[in-house]
Amino acid sequence: MPEQRERDSHGLLNREGYSEGLEDFQSVLSTFTRYSRFRVVAELRHGDLFHSANIVSSIEFDRDDELFATAGVSRRIKIFEFSSVVNEPADVQCPVAEMSTRSKLSCLSWNKYAKNQIASSDYEGIVTVWDVTTRQSVMEYEEHEKRAWSVDFSRTEPSMLISGSDDCKVKVWCTKQEASVLNIDMKANICSVKYNPGSSIHVAVGSADHHIHYYDLRKTNQPLYVFSGHRKAVSYVKFMSSNELASASTDNTLRLWDVKENVPLRTFRGHTNEKNFVGLTVNSEYIACGSETNEVYVYHKAISKPAAWHKFSSDVDEAEEDTGSYFISAVCWKSESPTMLTANSQGTIKVLVLAP
């Protein structure tokens, strides 16, 4: 048999039998078995105990992983210092900054270059850029006609940001201009938008039409690719690398796609997600999401079953209140570390660390 490279069903490249695939398998196995559980290193409450509007829709680290921001139905953006949250007792935790908004918030995105800038999207469709230092809004974009679900700053072009809304429109903004610089009119509600980390012209759009639309912003009359496979709305899209895109859907699955080769790579099952936005976060190796069982799940990108999970316990007596109604609502990795920020619909925030 002539020596040749061929792709097997798992997408591993083999030469002369199995050596390359085996090395791959060994590294995946050692990574997958490195962690088996979560350890809680800090916990804090987002709202007051007697106020039910506590869902944390978004929790995000800043450029340097020093600060993190939370936002949700409480109509407030709160900025915390990560080191003090981890090192000081929970009862003395206070935000280092707080911004009030007119409407409930759906999503946050820190500027990847200007450390003091964060963008928010809200239930009225307004996209706002804030200065965390002065606690003032720098820009307010009011073009969306319905709820805006998602906002994202470009990693390679710091003045550019993108938003998606229930008005079926994707809009690209520049912090130097008051009107949107680009519009993509789509046929279905948009749940999530994300810039490719290696390019300011490629964006992924997660839609209620069950598909992910991948665009080149220089030619928006039609998408570059459409990724099909989810059976319900695509609630989140996040890039693991310039080529790998993870998605979450209310069909109880996460999926991984190759945006360079235009192929599906893997489907992940184990968590429960049929109606809520439960969060999605990725680093180069791990994908994490929430569950409607009030649990956080982590998957290694090469294995379809969960590597670890952690259940949030309820503060109230289980007999008094149906704890099954709580769900994880936001998650965020601390870059390439095993540390993660997590939050739930009760307003509890936990810092979790993957442990052996």
Side-chain angles (χ1 to χ4, degrees), residues 46-47 53-63 67-80 95-155 157-184 189-195 200 203 205-206 217 235-238 277 279 329-330 332 341 343 347:
H46 185 70
N54 276 340
I55 298 172
V56 179
S57 314
S58 190
I59 190 162
E60 294 291 327
F61 271 111
D62 78 345
R63 185 192 71 189
L67 302 173
F68 69 87
T70 66
V73 300
S74 68
R75 296 183 169 88
R76 280 188 182 89
I77 298 170
K78 294 184 182 182
I79 313 290
F80 294 91
V96 292
E98 203 168 318
M99 285 93 75
S100 289
T101 61
R102 296 197 299 267
S103 182
K104 295 174 180 177
L105 296 155
S106 55
C107 185
L108 295 172
S109 177
W110 288 90
N111 191 304
K112 318 298 187 281
Y113 181 79
K115 189 176 168 72
N116 61 324
Q117 259 185 21
I118 192 168
S120 66
S121 57
D122 74 25
Y123 279 37
E124 282 175 26
I126 300 167
V127 175
T128 309
V129 177
W130 303 85
D131 184 323
V132 172
T133 315
T134 63
R135 303 173 199 190
Q136 301 296 313
S137 64
V138 184
M139 291 296 258
E140 284 190 34
Y141 304 110
E142 302 193 18
E143 289 180 26
H144 282 301
E145 290 156 31
K146 291 184 180 175
R147 182 179 301 190
W149 281 116
S150 185
V151 63
D152 186 46
F153 264 114
S154 166
R155 190 168 286 279
E157 200 63 60
S159 63
M160 305 304 289
L161 61 159
I162 190 169
S163 60
S165 161
D166 271 346
D167 65 7
C168 308
K169 290 184 177 69
V170 172
K171 289 178 181 281
V172 178
W173 315 88
C174 175
T175 53
K176 301 180 181 82
Q177 287 174 238
E178 288 184 15
S180 58
V181 293
L182 193 64
N183 255 296
I184 307 173
N189 303 38
I190 291 136
C191 306
S192 182
V193 289
K194 207 77 188 162
Y195 271 101
S200 60
V203 297
V205 180
L217 294 178
S235 43
Y236 298 96
V237 285
K238 297 274 171 93
F277 284 88
S329 52
C332 182
L341 296 169

(request) Check side-chain contact (heavy atoms from CB on, under 4.5 Å) between S154 and all other residues, then give those that pass, not counting sequence neighbours. (result) T156, E157, M160, Y195, S200
(request) Could you name each residue pair satisfying salt bridge (charged side-chain N to carboxylate O under 4.0 Å, His left out) that touches residues 134-144, not counting sequence neighbours? (result) R102-E140, R102-E142, E143-K171
(request) Please round to the nearest 0.5 Å and tell me the distance separating atom CD of E124 and atom NE2 of H144. (result) 13.5 Å
(message) I need the full list of salt bridge (charged side-chain N to carboxylate O under 4.0 Å, His left out) pairs touching residues 110-119, with sequence neighbours left out, sorted by first then second residue.
(response) D62-K115, D64-K115, E66-K115, K112-D152
(request) Please indicate whether R155 has more than 12 foreign heavy atoms, meaning atoms of other residues, nucleotides or ligands, lying under 6.0 Å from its CZ. (result) no
(request) Over all heavy atoms of both residues, which pair between L161 and A119 is shortest? Give the atoms and the distance, please. (result) CD1-CB, 3.8 Å
(request) Quick one: pull up CD1 in I162 and CG in L217 and give me the separation to the nearest 0.5 Å. (result) 5.5 Å
(message) Quick one about S121 and S106 (side-chain donor to acceptor, distance below 3.5 Å, no hydrogens or angles considered), yes or no?
(response) yes
(request) Could you tell me how the ring of F61 sits relative to the ring of F68: parallel (under 30°), tilted (30 to 60°) or perpendicular (over 60°)? (result) perpendicular
(message) Restricting to salt bridge (Lys or Arg N to Asp or Glu O under 4.0 Å), what partner residues turn up for E98, sequence neighbours left out?
(response) R76
(message) According to side-chain hydrogen bond (donor to acceptor under 3.5 Å, both in side chains), who are the partners of N189, at least two apart in sequence or on a separate chain?
(response) D166
(message) Counting C-beta onward and ignoring hydrogens, is there a side-chain heavy-atom pair between L67 and V96 closer than 4.5 Å?
(response) yes
(request) Please name the residue in the list V127, I126, V151 that meets the side-chain contact (heavy atoms from CB on, under 4.5 Å) test with Y141. (result) V127
(request) Check side-chain contact (heavy atoms from CB on, under 4.5 Å) between S235 and all other residues, then give those that pass, not counting sequence neighbours. (result) A248, N273, F277
(request) Mind listing the closest non-hydrogen atom pair of S165 and K146 along with its distance? (result) OG-O, 3.2 Å
(request) State the NZ-OG distance between K169 and S180, to the nearest 0.5 angstrom. (result) 10.0 Å
(message) When you compare the side chain of R147 with that of K104, does any pair of heavy atoms fall below 4.5 Å?
(response) no
(message) Distance check, rounded to the nearest 0.5 Å: T101 atom OG1 versus W130 atom CH2?
(response) 6.0 Å
(request) First locate atom OG1 of T70, then atom CG of L108, and finally report the distance between them rounded to the nearest 0.5 Å. (result) 7.5 Å
(request) Drop me the distance from N111's CG to N116's CG, to the nearest 0.5 angstrom. (result) 8.0 Å
(request) Looking only at non-hydrogen atoms, find the nearest pair between L105 and S57 and report the distance. (result) O-OG, 3.0 Å
(request) Check whether any side-chain heavy atom of Q117 sits under 4.5 Å from a side-chain heavy atom of F153, and report yes or no. (result) yes
